[in-house]
Amino acid sequence: MRVLGIESSCDECAASVVEDGRRILSDIVATQIPFHEKYQGVVPEIASRTHTEWIFGVASRALAEAGMESRDLDGIAVTVKPGLVGSLLVGLSFAKGLAWSLGKPFVGVNHMLGHLYASQLEWGSEPLPPLPYPFLGLLVSGGHSIICKVEDFDRIEVLGTTIDDAVGEAFDKVSKHFGFGYPGGAAIDRLAEAGDETAFAFPVPSLHKGEHRYDLSYSGLKTAAIHQLEQFRRPGAASTPENIAASFRKAAIDILASRLFRAIEDTGIGTVAAGGGVAANAYLRRLLGAKSGLEVRFPPLSLCGDNGAMIAGIGCRYLERGEVSDLGINVSARVPLYRRIGR
Ligand code: KG4
Ligand code: ZN
């Protein structure tokens, strides 16, 4: 089964053809970063207008690189939530029109489930077998920070989530404040490699009464880095961009890791799949990779950020089950937080 996946939830215009839910036949990602850079953030109207200009060309390239005509497709999958409404609507309308004109099955996909599914795709010269369910998921992006138990490609149970900012958002805001570069997460990660992570001892959020054992919080760290930097500087340490970046990165990722390690201990599940833009973080990849007794799967960097392959892959899984979406389906900016397990 060969499915075309369309992704336009934010500022990447992406399309991919995936075979049998795992084999990537093509993966085209056209980034709009240069268009948003001068604003240091994604401008929704620019994003949706650019998707409108690009989506046909991106999808055509995905088909051409897969060596296919649109009539050879077995189905079309598209991100319908969460994301920027105007951007999502471009991809959805395009996918609906294509599916209708070809008379092919059509399915709407949740972008966050897509990020988790990225670890199940094949890549590299010796692809790993699929990760058997259940496993723990670390879903970390610009809008979400979720630790979950993954029961199936479309069934997750949220164990913990952020009570304020998402981890990627914290990276972006700190980078913007210090002028480290755009997009912020990758800029901080790059700078941090040359910095001293002990230069600033940023505060770690403590667990308050009523908060969940696996919940995350980033507003305290963000405020400390942006407004109270000097208070946390180790005597003698220099306030260089590299040192700020390294100390911030360590603090931000250590929060994630501490909650994840609790979840591993409590559930007894020792396999973890990471997904979302922050899964590209070099320190996170090293930290989890070095944890003994833990089997962790990170998608390659190209599949951590937004891409069409994760949408096509998950679309295959729905279509294999015979699950399709109505052509009247709409987009949603947000997804309701999935059910949590008891405290
Ligand atoms: O998954 P994604 O591409 O889009 C969303 O669904 O949000 O994630 C984007 C987020 C941004 O906040 C970006 O700064 C962050 O991922 N990011 C990183 C790194 N690369 C991207 N954060 C930390 N380290 C990185 N290397
Ligand atoms: Zn994403």
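Each ligand, and each atom within it, is numbered from 1 in the order the structure gives. Heavy-atom basis, side chains included; hydrogens, waters and symmetry copies ignored. Here, residue 1 is the first one in the sequence, and each next residue gets the next number.
Distance alone, capped at 3.5 Å, places no donor-acceptor pair between the S93 side chain and the V90 backbone. Of the possible polar contacts, one joining the N307 side chain to the M310 backbone as a donor-acceptor pair under 3.5 Å is found. Checked by atom type and distance alone, the side chain of T162 pairs as donor or acceptor with a backbone atom of D164 at under 3.5 Å.
Ring pair Y182/Y39: centre-to-centre distance not below 6.0 Å. The six-membered or imidazole ring of F153 lies away from that of Y133, with a centre-to-centre distance of 6.0 Å or more.
Residues F178 and I188 fail the side-chain proximity criterion, which asks for heavy atoms closer than 4.5 Å. In this structure the side chain of L216 reaches within 4.5 angstrom of the side chain of L256, judged on heavy atoms.
Counting protein heavy atoms only, atom 2 (P) of ligand 1 is closest to D306 OD1, 3.5 Å. The nearest heavy-atom contact from the protein to atom 13 (C) of ligand 1 is D172 OD1, 3.7 Å. Ranking protein heavy atoms by distance to atom 26 (N) of ligand 1, first place goes to D189 OD2, 2.9 Å. Given atom 6 (O) of ligand 1, the protein heavy atom at minimum distance is H111 NE2, 3.2 Å. The nearest heavy-atom contact from the protein to atom 24 (N) of ligand 1 is N281 ND2, 2.9 Å.
Under the 4.0 angstrom criterion for non-hydrogen atoms, C10 is not in contact with ligand 1. In this structure, A186 has a heavy atom closer than 4.0 Å to ligand 1.
Ligand 1 has an N or O atom lying under 3.5 Å from an N or O atom of G277, backbone or side chain. The distance criterion of under 3.5 Å between nitrogen or oxygen atoms is met by G142 with respect to ligand 1. Residue G168 has at least one N or O atom closer than 3.5 Å to an N or O atom of ligand 1. The shortest N or O to N or O distance between G185 and ligand 1 is below 3.5 Å.
Within D306, the N, O or S atom lying nearest to the Zn ion (ligand 2) carries the name OD1.
With ligand atoms numbered from 1 in the order given, ligand 1 contributes 7 (O) to contacts under 4.0 Å with heavy atoms of G143.
Below 30°, between 30° and 60°, or above 60°: for F35 and W54 the angle between ring planes is above 60°, a perpendicular geometry.
Here E12 has no heavy atoms under 4.0 Å from ligand 1, in either its backbone or its side chain.
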K173 and E169: CA distance, side-chain angles, deciding distance, salt bridge (Lys or Arg N to Asp or Glu O under 4.0 Å) verdict: CA-CA 6 Å; K173 286 181 177 163; E169 191 183 351; 3.0 Å; yes
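Comparing G114, S141, A279 by heavy-atom distance to atom 5 (C) of ligand 1, the nearest is S141.
Backbone or side-chain N, O or S atoms of H111 reach the Zn ion (ligand 2) at under 2.8 Å.
Other residues, nucleotides and ligands contribute over 12 non-hydrogen atoms within 6.0 Å of the NZ atom of K96.
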